[in-house]
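Step one of this worksheet: look at the structure below.
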Amino acid sequence: MNKVKIVVAGPRGRMGKEAVHLVSTTENFELVAVLDHKNDGKNLSEIDGFLGVEAPIYSNIEQCFTEQKPDVLIDLTTPEVGMYHTKTALQYGVRPVVGTTGFSEDDLKELEAICNEKELGCIIAPNFAVGAVLMMKFSKLAAKYFQDIEIIELHHDQKLDAPSGTAVKTAQMISEVRTPKSQGHPNEKETIQGARGANFEGLRIHSVRLPGLIAHQEVLFGSEGQTLTIRHDSYNRASFMSGVKLAVETVIKIESLVYGLENIIE
């Protein structure tokens, strides 16, 4: 069986480092290059923290794809960079696995059209932790029986987007089975603006940002005389790698855009 040739974008980031480690230690994966806006022309093994990991560093994505001809791009950068990388990868016949949150509906429609035209797979996942995906699936199931729901997502204080992609995706999945309704007292008033959180079809989403956190979310359901809480916690970034591995193994077999890891988990 031929190894899957992989390029990792953003190798010096916290998630990028984990992805490099995953690719380097997985038997049927091969790290052929990394994309980094610094250190162009160097080898990854020359960078602190990557002793013994041999891979050329490129700042120019088109040069990288032309010279290395990878099968898959793993991108765990930012929405702006991630969108550019994903579109470029598809144009070069490279299948993207993207863990960046913040893509708009228009972004996803544009990428879906390119995937269909090129007959290439692309997987974009707001969260690659398998437990988080199960939390979302369980929440959708519970929403059939509980109409009053609040989402609290908690992340480290360096996270740029709020609410998190996972929280938004959870709300979207819940909306598939929940009729929009206004929650709380009809005459409630925020004495401090934003106290009730973001409003998604009446469902409320609250974002917490604190040092010491990684990625956590709980979904609270309430009805007469009872509550239900579904919670997932990621205590380190290695928790996301099982999902990245599954996405890489899946993306080479499909010819369309998949948004959300829950769509490839039975």
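Heavy atoms only: backbone and side chains are in, while hydrogens, waters and symmetry mates are out.
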- Which atom of Leu261 lies closest to which atom of Ala247, heavy atoms considered: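 For Leu261 versus Ala247, the nearest heavy atoms are CD1-CB, 4.4 Å.
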
- Item | Heavy-atom closest pair, residues Cys122 and Val251 | N-CG2, 3.6 Å

- Quick one: list whatever passes salt bridge (Lys or Arg N to Asp or Glu O under 4.0 Å) with Asp40, sequence neighbours left out.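 Once residues adjacent in sequence are excluded, Asp40 has no partner under the salt bridge (Lys or Arg N to Asp or Glu O under 4.0 Å) criterion.
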
- Please list all pairs passing the side chain to side chain donor-acceptor pair (under 3.5 Å) test where one or both residues lie in residues 53-62, with sequence neighbours left out. Asn43-Glu54, Ser45-Glu54, Tyr58-Glu67, Tyr58-Gln68

- Message: Test: side chain to side chain donor-acceptor pair (under 3.5 Å). Region: residues 200-216. Which pairs qualify, not counting sequence neighbours?
- Response: Glu150-His206, Glu153-Ser207, Glu153-Arg209, His216-Asp233

Close side-chain approach of [X] and [Y], heavy atoms under 4.5 Å:
X: Arg231; Y: Met135; value: no
X: Pro96; Y: Ile123; value: no
X: Leu44; Y: Leu31; value: yes
X: Ile57; Y: Ile47; value: yes

- Query: Is the NZ atom of Lys87 crowded by more than 12 outside heavy atoms at less than 6.0 Å?
  - Reply: no

- In chain order, what residues pass the side chain to side chain donor-acceptor pair (under 3.5 Å) check against Ser164, with sequence neighbours excluded? none

- Task: Report the residues that fulfil side chain to side chain donor-acceptor pair (under 3.5 Å) with Thr250, sequence neighbours left out, ordered by chain and then residue number.
- Result: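 By the side chain to side chain donor-acceptor pair (under 3.5 Å) rule, Thr250 matches no residue at all.
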
- Item | His156 side chain vs Lys159 backbone, donor-acceptor pair below 3.5 Å |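 Present.
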
- Backbone of Lys189 reached by a side-chain donor or acceptor of Arg196 within 3.5 Å: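 No, because the side chain of Arg196 does not come within donor-acceptor range (under 3.5 Å) of the backbone of Lys189.
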
- Query: If you link I, L, V, M, F, W and Y whenever their side-chain heavy atoms are under 4.5 Å apart, who else ends up in the same group as Ile192?
  - Reply: none

